[in-house]
Asker: 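Structure incoming, see below.
When a ligand or atom number is given, it counts from 1 through the structure's own listing order.
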Amino acid sequence: MTAAMATPPNGSKPLSNGMFATNRTRIVLAITLLATWLFASLIPSYKQSVKDLAQKKYNEAIGHFPALKVDWHPKVDSEVQFNASKVALLIEGRPIPHLVPQLLHMMSVVPPDWRFKFIGTNKSVMSVSRSFATQYQALNGKLDLVVLPKPWKVDSKEDIYRLLTDLRFYNDHLSEVEWMLKFESDSIMCANSGDTLDDWLHYDWAGAPRSKDDTFAGNGGLSLRRISTVKRILGFQSRYNDTEPEDEWFGKRITVLPGAKVASGAEETHLSVEDTWFEKPMGYHARDMGENLADDVWKDPKKRKANLDYCPELAMIMPMKLERERCQGDDKMV
Ligand SMILES: *[C@@H]1O[C@H](CO)[C@@H](O)[C@H](O)[C@H]1NC(C)=O
Ligand SMILES: *[C@@H]1O[C@H](CO)[C@@H](O)[C@H](O)[C@H]1NC(C)=O
Ligand SMILES: *[C@@H]1O[C@H](CO)[C@@H](O)[C@H](O)[C@H]1NC(C)=O
């Protein structure tokens with residue numbers, strides 16, 4: 001009973017406590033709401049100032065970049081810019097990864113009025129045309145990317161020999177061309193050379209000599225040819241399928257052609273090095289991408305170093321390894 005009597009005052013206390021607690025919760029809630037609302041009302045201007053700051057930083061950063069403007073529709077007429085009678089030709093059916101850098105490098109060392117033609121398979125043309133730089137050169141009229149229609153094929157060396165010894169190919173695809181630089185995926189011209197390709201235009205055929213006193217510097221892997229002379233030969237001679245390579249076949253005929261001027265090993269010591277070493281040529285043909293190299297040019301470590309120091313671009317087309325990868329006691333001959 002006493003306990004029951006004492007309950008009301010005790011009981012009222014929890015009640016008033018409860019009311020106070022409720023009030024406090026409400027006040028806290030109200031303040032929180034107020035704060036949230038105040039904060040929320042500030043956010044847009046906060047956002048804006050962050051945006052302004054970012055824009056400022058961006059503008060500052062952009063200011064430091066060199067201006068780059070790509071004109072996808074060059075106004076310069078390719079007929080004026082390039083000389084239709086000069087073409088550098090690369091035929092390659094395999095989508096080799098170095099084709100793009102090699103083509104771009106060659107464009108930078110061959111005189112600027114030369115146009116370039118790349119003839120390949122669907123696969124190799126696709127791989128070359130994926131690059132932004134080659135797309136630009138193609139749009140600019142500097143580079144032609146071609147998949148020949150059937151029955152032409154460029155899948156094997158023999159296919160290419162047949163193509164290059166067929167008069168129809170020159171009439172249909174190189175009709176305006178008089179000078180053709182023929183290079184392969186394992187040929188390179190050296191930026192350090194003091195000579196220009198145009199120095200050789202008076203030859204009907206100039207390539208790499210096979211020996212020091214070769215009467216005909218005719219190796220065709222990196223060679224300059226005069227198309228009117230090539231067509232003259234094809235006008236009365238045809239190559240049998242599956243016989244000698246096209247450069248040897250042309251060589252036998254062009255050296256006896258009245259009036260034709262061919263480079264000889266003795267006088268032509270600059271254009272291209274393949275079998276016979278000489279100093280500072282305009283370019284190299286590293287046969288079969290370095291798999292089938294001539295001893296005279298590559299075996300001696302001193303000559304090898306001289307070649308690579310003079311023409312570092314060779315690294316683009318040849319497999320390389322570091323000197324320190326060699327075995328101990330190696331005589332450094334390849
Ligand atoms: C093209 O180049 C050849 C050889 O350098 C030159 O004789 C000829 O005049 C040039 N053609 C044009 C249209 O510039
Ligand atoms: C190459 O592509 C063309 C057109 O896309 C196609 O007609 C042709 O059959 C293709 N050739 C090969 C060998 O895949
Ligand atoms: C040589 O091969 C081509 C196909 O590339 C063929 O059209 C031609 O008839 C062949 N020539 C001879 C003499 O067999």
Asker: Less than 4.0 Å from atom 9 (O) of ligand 3, is there any heavy atom belonging to the protein?
Answerer: no
Asker: Of all the atoms in ligand 1, which lie at a distance below 4.0 Å from a heavy atom belonging to L201?
Answerer: 4 (C), 5 (O)
Asker: May I ask you to check whether K86 has an N/O atom sitting below 3.5 Å from an N/O atom of ligand 1?
Answerer: yes
Asker: Salt bridge or not for E246 and K182, using N-O below 4.0 Å?
Answerer: yes
Asker: I'd like to check E92 versus L99 (side-chain heavy atoms, cut-off strictly below 4.5 Å). Are they in contact?
Answerer: yes
Asker: Should the pair Y284 and W298 be assigned to parallel (<30°), tilted (30 to 60°) or perpendicular (>60°) ring geometry?
Answerer: tilted
Asker: More than 12 foreign heavy atoms under 6.0 Å from OH of Y240: is that the case here?
Answerer: no
Asker: Is the number of heavy atoms from other residues, nucleotides or ligands within 6.0 Å of NZ (K157) greater than 12?
Answerer: no
Asker: Which residue supplies the protein heavy atom nearest to atom 14 (O) of ligand 3, what is that atom called, and how far is it?
Answerer: N241 ND2, 3.4 Å
Asker: At a non-hydrogen distance cut-off of under 4.0 Å, which region of D198 contacts ligand 1 (side chain, backbone, both, or neither)?
Answerer: neither
Asker: Within the 4.0 Å heavy-atom shell around S85, which atoms of ligand 1 are there?
Answerer: 1 (C)
Asker: Which residue and non-hydrogen atom of the protein lie closest to atom 5 (O) of ligand 3, and at what distance in Å?
Answerer: R162 NH1, 3.1 Å
Asker: Ignoring angles and geometry beyond distance, decide whether W179 reaches within less than 3.5 Å of ligand 1 through its nitrogen or oxygen atoms.
Answerer: no
Asker: Does the W179 side chain pair with the main chain of L201, one donor and one acceptor, at a distance under 3.5 Å?
Answerer: yes
